[in-house]
Visitor: 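One structure follows; several queries about it will come next.
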Amino acid sequence: MASAPVRVRFCPSPTGNPHVGLVRTALFNWAFARHAKGTLVLRIEDTDAARDSEESYEQLLDSLRWLGLDWDEGPEVGGPHAPYRQSQRMEIYADVAARLQDAGHAYRCYCTTEELDARRDAARAAGKPSGYDGHCRDLTSEQTAAYEAEGRTAIVRFRMPEHPITFNDLVRGELTFTPENVPDYGIVRANGAPLYTLVNPVDDALMEITHVLRGEDLLSSTPRQIALYAALIELGVAKYTPEFGHLPYVMGEGNKKLSKRDPQASLNLYRERGFLPQGLLNYLSLLGWSFSADQDTFTMDEMVAAFEIEDVNANPARFDLKKAEAINADHIRRLDVKTFTEACGPWLRAPHAPWSPENFDQAAWEAIAPHAQTRLTVLSDITANVDFLFLDAPVDDEASWLKAMKEGSDALLLTAREQLAAADWNAEALKNAVLAAGEAHGLKLGKAQAPVRVAVTGRTVGLPLFESLEVLGRDRTLARIDAALAKLGA
Ligand code: GLU
Ligand code: ZN
């Protein structure tokens, strides 16, 4: 198998919004496949009709496309193992479940929940292993007939071997599970619905998956799946047992596992804030892996070239929003100006932009964009940075006004207005104008600049002021200073 071409899978269940843990799993599988020039299979595990939704399915595909995590086989691209949605593969699972029972690898278990609970409690009280006790393992045909006559329903259970199971986890090294810790487990519900425990390894087998890379939360299912593989190989359903690697937990605030329901975990949040896909993926790749000791920002091509599953660290990884933002900011700076200018598009239009659409001026935007590019953490920051160009009047930010408008600001603004009115309209000359106005009032540039900035943009912080004034133009600049002077009663 080591020589078989790499085939990995990403197999989400379409329940709810995609979260960052899911994306990290998708990313590591994708990077592993691309690095090995192998195949990434996308399989949709939608056998739970009560929890799965078509909307989540569409969102998943849309998210993967946005991220640029492309798949080689799966929904919409097809492939030799189609269909790739488990809801369309039910006959396959029924057939395999029947064959497992015929061969004695699985059996019907008639125990009721009450009986199971009572025996589990008794085992616990006696200090014995509390998993399924094998009650129905070897029922005689008379016992089976009697249960059936009582009208009992049965689940199908897989018969675990009585020896320990050892495997070499690609991330964690050698792991051994003893039989008392891995009791016989259900693979088909009483109503005939196949469970994750069956459908996931059956499809991995049929789709000839060579490496299973998934979250640590699934580690306990691995010994069960390895035992099931042995049976599937015997039945000719599987060709080999894949290798397994379990990716570390992602921790959120307060040293707790980041949960799907954590708002911080929602992929949509990052997308709506204007993370670049490459910025977010770059950050997520650091949850358990590192590119190099002294470089945290890199391209996906660089990640693919460097990615080795053996380098993944088994220790829990901490989700650090500040670091994610810093890396995203790096990626924004790395864009060429034209790409940056286009990428901001959605945040310059409704519903993000607070100005009327006819106020938007593409030439002004293109002129200011290079000055904005180095200052953004996320693309959505752009709206507040350039709104002074497209709003009829600057935003009315009381806190900024109080901070900048001091005793003497009116006199300073009057002088600045005169100097600006007489200046050539380019950033250099505008700077000299404000500098001269400051000197006339004994103020350094920084202090002289503050009231001008607030008068013109409404805010104390923003893009470089003189470039901003240059783009805004003489008439609007002077009109805004006049409005500020009127407000100051000057
Ligand atoms: N559908 C499973 C999940 O979303 C896949 C688990 C696995 O990778 O085996 O958790
Ligand atoms: Zn039973």
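Scope of the values below: all heavy atoms of this structure, side chains included, with no hydrogens, waters or symmetry mates. Every value quoted in this text rests on a predicted model; they were computed, and no experiment measured them. First listed ligand is number 1; within each ligand, the first listed atom is number 1.
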Visitor: Would you call Asp262 and Lys256 a salt bridge, using N to O less than 4.0 angstrom?
Guide: no

Visitor: Please list, chain by chain and in numerical order, all residues satisfying side-chain hydrogen bond (donor to acceptor under 3.5 Å, both in side chains) with Glu91, sequence neighbours excluded.
Guide: none

Visitor: Applying side chain to side chain contact (heavy atoms under 4.5 Å, CB included), name anything that partners Thr297, two or more places apart in sequence or on another chain.
Guide: Asn282, Ile327, Asp330, His331, Arg334

Visitor: Look up atom CD in Glu45 and atom CZ in Arg85, then write down how far apart they are to the nearest 0.5 Å.
Guide: 12.5 Å

Visitor: At less than 2.8 Å, how many protein N/O/S atoms surround the Zn ion (ligand 2)? Leave waters out.
Guide: 4

Visitor: Fit a plane to each ring of Phe390 and Trp355, take the angle between them on a 0 to 90° scale, and name the class: parallel (under 30°), tilted (30 to 60°) or perpendicular (over 60°).
Guide: tilted

Visitor: For a quick check: using heavy atoms under 4.0 Å, what are the residues in contact with ligand 1, sorted by chain and number?
Guide: Arg9, Cys11, Ser13, Glu45, Tyr196, Asn200, Arg214, Leu218

Visitor: Considering only NZ, NE, NH1 and NH2 on the basic side and carboxylate oxygens on the acidic side, decide whether Asp133 and Arg119 come within less than 4.0 Å.
Guide: yes

Visitor: Quick test of your reading of the model: are Arg7 and Glu73 salt-bridged, counting only N-O distances below 4.0 Å?
Guide: yes

Visitor: Would you please indicate yes or no on a ring centroid separation below 6.0 angstrom for Tyr240 and Tyr229?
Guide: no

Visitor: Does Trp289 have its ring centroid less than 6.0 Å away from the ring centroid of Phe307?
Guide: yes

